**Student:** 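Before anything else, here's the structure in question.
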Amino acid sequence: MSGPAGGTARAATTTDVVCLGESMVTFLPSQPGRLADVPSFGRGIGGAESNVACALAAAGHRAAWVGRVGADGFGDHLVETIGGYGVDTSAVRRDPMRPTGIYFRTATDRGAGAHEVAYYRAGSAASAMSPANVPYEEVFAGRVLHLSGITAALSADCLELVRELTAPRPGRPLVSFDVNHRPHLWRGSPADASVLLELARRCDLVFVGEDEAEEAWGIVGAEAIRAALPEPAVVVVKRGSAGATVFASGLRPGPRSSNAGGAESDGAEFAPDTVTPVPALRVDVVAAVGAGDAFAAGFLSATLRDLPVRDRVRHGHLMAAAVLTVPGDLTQPPARDHADRLVALDDEAWGRLRLGPGWTAAERAPEEVRTP
């Protein structure tokens, strides 16, 4: 197998999902309030792609994380902690010249006006990832490659890498892409919107929030988002408390067939979409962080199991609910049989569910898994 200039023909894989991106040590506040007033912080880990890998591994899948960390104690902590979830970290590279990124955040919701995040990631080891130093054999070793728009924003080299990884090529795995629009990471560049749209259109499965599509692209509504992203076979539009809507289509080969990863080739025609709206759950939220990554992990988990689209979204909602009911970005997901029982509920019973802290450990009947 060669790097970006060559093909990516793969041998039989034993990995389900490979996630590539930056992971950082995160410092969580001991109490609510401004960063200036918080007296102490607890240490955790955070990173969109590594969060997905950890959730998938905890759910019983074979997941790998590919990243770059400093040759420092924080890098040791990341590799050991992510590996502790059962994630394969053998492809993580250590950079002796650059540090591992860290950040501090307040306890409030990311969307709240009082929310603060202080990033110390400029010049991090992860920002030095490029087509020249990423192990392509490991990156393309899974059934699915999961990426996000965060990586593209870290540096020019990282953007070049994401462009290479999303380029059509024979034998590429299914490429999953979470838009994850983070304006502050683009340092005010007006190109962020067009770059994220370009990258998303090159992928097979795209996760995007209605709010970020409006912020980044000025596009309002799930149907308009799908119209702007016609190429991906599956587009998952996250609608907050309203749930999610999935647009799924197949490609009918034209004069030239599509590549193995599902990306469009010249002459391909689109089959009509199947549109599947799925309501969200009622959740007693402890901390609104990490839910998007958990949702993606739940959806990917059910995709790997070839479940119906509705069930994929419900598994996403359940994974998100698991994270929303704990303080940090990661938690143990519900046992698979437990989640499957909840996913199988009829629409009325699903609508009655209300999940609170500790629900993932519940052994009661599905209709009883709710808070007072």
Side-chain angles (χ1 to χ4, degrees), residues 10 12-26 43-69 75-93 100 126 134-135 137-148 150-151 173-178 180 205 207 289-307 311-312 314-340 343 360-361:
R10 294 174 293 141
T13 180
T14 59
T15 303
D16 292 322
V17 181
V18 175
C19 303
L20 178 144
E22 179 172 34
S23 189
M24 295 177 290
V25 172
T26 175
R43 185 180 63 175
I45 66 170
E49 301 83 5
S50 60
N51 285 349
V52 171
C54 289
L56 284 166
H61 296 283
R62 297 162 298 190
W65 172 57
V66 178
R68 196 172 181 87
V69 300
D76 293 340
H77 177 65
L78 283 174
V79 173
E80 292 167 5
T81 304
I82 294 170
Y85 279 86
V87 176
D88 181 354
T89 60
S90 61
V92 176
R93 299 296 185 259
T100 303
V134 162
E137 289 191 4
E138 287 88 346
V139 171
F140 289 114
R143 295 167 57 191
V144 177
L145 171 61
H146 181 71
L147 307 167
S148 90
I150 294 173
T151 304
L174 183 148
V175 178
S176 166
F177 183 78
D178 194 333
N180 264 329
L205 165 60
F207 299 95
V289 292
D293 304 330
F295 178 91
F299 191 94
L300 287 171
S301 172
T303 298
L304 290 164
R305 298 169 61 197
D306 201 27
L307 299 183
D311 294 2
R312 299 180 192 190
R314 284 190 171 187
H315 274 285
H317 286 325
L318 288 170
M319 281 272 206
V323 168
L324 287 169
T325 50
V326 298
D329 290 26
L330 292 167
T331 189
Q332 185 69 29
R336 181 174 291 183
D337 60 347
H338 183 189
D340 284 344
V343 165
T360 57

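From a predicted model like this one, the values you see are computed outputs, not experimental measurements.
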**Student:** Among all residues two or more places apart in sequence or in another chain, which pass the side chain to side chain donor-acceptor pair (under 3.5 Å) test with His315?
**Tutor:** Asp340
**Student:** Would you compute the distance between atom CD1 of Ile45 and atom CG of Leu78 and round it to the nearest 0.5 angstrom?
**Tutor:**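 CG of Leu78 is found 6.0 Å from CD1 of Ile45.
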**Student:** Report the C-alpha separation of Arg68 and Val134 in whole Å, then their side-chain angles, then the decisive distance to 0.1 Å, and conclude whether the side-chain contact (heavy atoms from CB on, under 4.5 Å) test is met.
**Tutor:** CA-CA 9 Å; Arg68 196 172 181 87; Val134 162; over 6 Å; no
**Student:** Could you pull out all residues at least two apart from Ser301 that satisfy side-chain contact (heavy atoms from CB on, under 4.5 Å)?
**Tutor:**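 By the side-chain contact (heavy atoms from CB on, under 4.5 Å) rule, Ser301 matches Leu56, His61, Arg305.
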**Student:** Is Arg312 close to Asp306 at the side-chain level, that is, under 4.5 Å between some pair of heavy atoms?
**Tutor:** yes
**Student:** For Pro334, is there any backbone N or O sitting under 3.5 Å from a side-chain donor or acceptor partner on Thr360?
**Tutor:** no
**Student:** Please name the pair of heavy atoms, one in Ser148 and one in Glu49, separated by the smallest distance, quoted to 0.1 Å.
**Tutor:** OG-OE2, 2.5 Å
**Student:** What's the separation between atom CG in Leu307 and atom OG1 in Thr303, rounded to the nearest 0.5 Å?
**Tutor:** 8.0 Å
**Student:** List in chain and number order the residues that pass salt bridge (charged side-chain N to carboxylate O under 4.0 Å, His left out) with Glu22, two or more places apart in sequence or in another chain; answer none if no residue qualifies.
**Tutor:** Arg121
**Student:** With sequence neighbours left out, write down each residue that passes side-chain contact (heavy atoms from CB on, under 4.5 Å) with Pro333, or none if nothing qualifies.
**Tutor:** Ala58, Ala59, Met319
**Student:** Between Val87 and Arg62, is a side-chain contact (heavy atoms from CB on, under 4.5 Å) present by the stated rule, with each step listed?
**Tutor:** CA-CA 7 Å; Val87 176; Arg62 297 162 298 190; over 6 Å; no
**Student:** Answer yes or no: is there a donor N or O on one side and an acceptor on the other, between the side chain of Thr15 and the main chain of Val17, under 3.5 Å?
**Tutor:**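 A pair under 3.5 Å: no.
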**Student:** Enter the distance from Leu147:CG to Asn180:CG here, rounded to the nearest 0.5 Å.
**Tutor:**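 Rounded to the nearest 0.5 Å, the CG-CG separation comes out at 11.5 Å.
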**Student:** Do the non-hydrogen side-chain atoms of Leu205 and Leu300 ever get within less than 4.5 Å of each other?
**Tutor:** yes
**Student:** Report the C-alpha separation of Val18 and Val144 in whole Å, then their side-chain angles, then the decisive distance to 0.1 Å, and conclude whether the side-chain contact (heavy atoms from CB on, under 4.5 Å) test is met.
**Tutor:** CA-CA 6 Å; Val18 175; Val144 177; over 6 Å; no
**Student:** According to side-chain contact (heavy atoms from CB on, under 4.5 Å), who are the partners of Ser50, at least two apart in sequence or on a separate chain?
**Tutor:** Ser23, Trp65, Ile82
**Student:** Can you tell me how far the CG atom of Asp88 sits from the OG1 atom of Thr14, to the nearest 0.5 Å?
**Tutor:**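 Rounded to the nearest 0.5 Å, the CG-OG1 separation comes out at 8.5 Å.
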**Student:** Quick one: closest heavy-atom pair of Ala291 and Leu324, and the distance?
**Tutor:**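 Of all heavy-atom pairs spanning Ala291 and Leu324, the closest is CB-CD2, 3.7 Å.
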**Student:** Test of understanding: with side-chain contact (heavy atoms from CB on, under 4.5 Å), list the residues that count as partners of Val79, not counting sequence neighbours.
**Tutor:** Val69, Thr89, Val92, Arg94
**Student:** With rounding to the nearest 0.5 Å, note down the distance linking CG in Leu145 to CZ in Phe177.
**Tutor:**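 Nearest 0.5 Å value for the CG-CZ distance: 11.0 Å.
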**Student:** Do you know which two heavy atoms are closest between Val66 and Ala91, and how far apart they sit?
**Tutor:** CG2-CB, 3.9 Å
**Student:** If every non-hydrogen atom of Pro173 is compared with every non-hydrogen atom of Gly142, which pair is closest and at what distance?
**Tutor:**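 For Pro173 versus Gly142, the nearest heavy atoms are CB-O, 3.3 Å.
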**Student:** Are any non-hydrogen side-chain atoms of Asp178 and Val52 less than 4.5 angstrom apart?
**Tutor:**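 No - every pair of side-chain heavy atoms lies 4.5 Å or more apart.
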**Student:** Looking only at heavy atoms, what is the nearest atom pair of Pro135 and Glu138, with distance?
**Tutor:**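 Closest approach of Pro135 to Glu138: CB-OE1, 2.9 Å.
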**Student:** Under the rule for ring-ring contact (aromatic ring centres under 6.0 Å, His included), what residues qualify as partners of Phe207, not counting sequence neighbours?
**Tutor:**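 Expected list: Phe299.
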**Student:** Could you tell me which non-hydrogen atom of Ala339 sits nearest to which non-hydrogen atom of Leu318, and how far apart they are?
**Tutor:** O-CD1, 3.7 Å
**Student:** With side chains defined as the heavy atoms from C-beta onward, is the minimum distance between Arg43 and Thr26 less than 4.5 Å?
**Tutor:**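 Not in contact.
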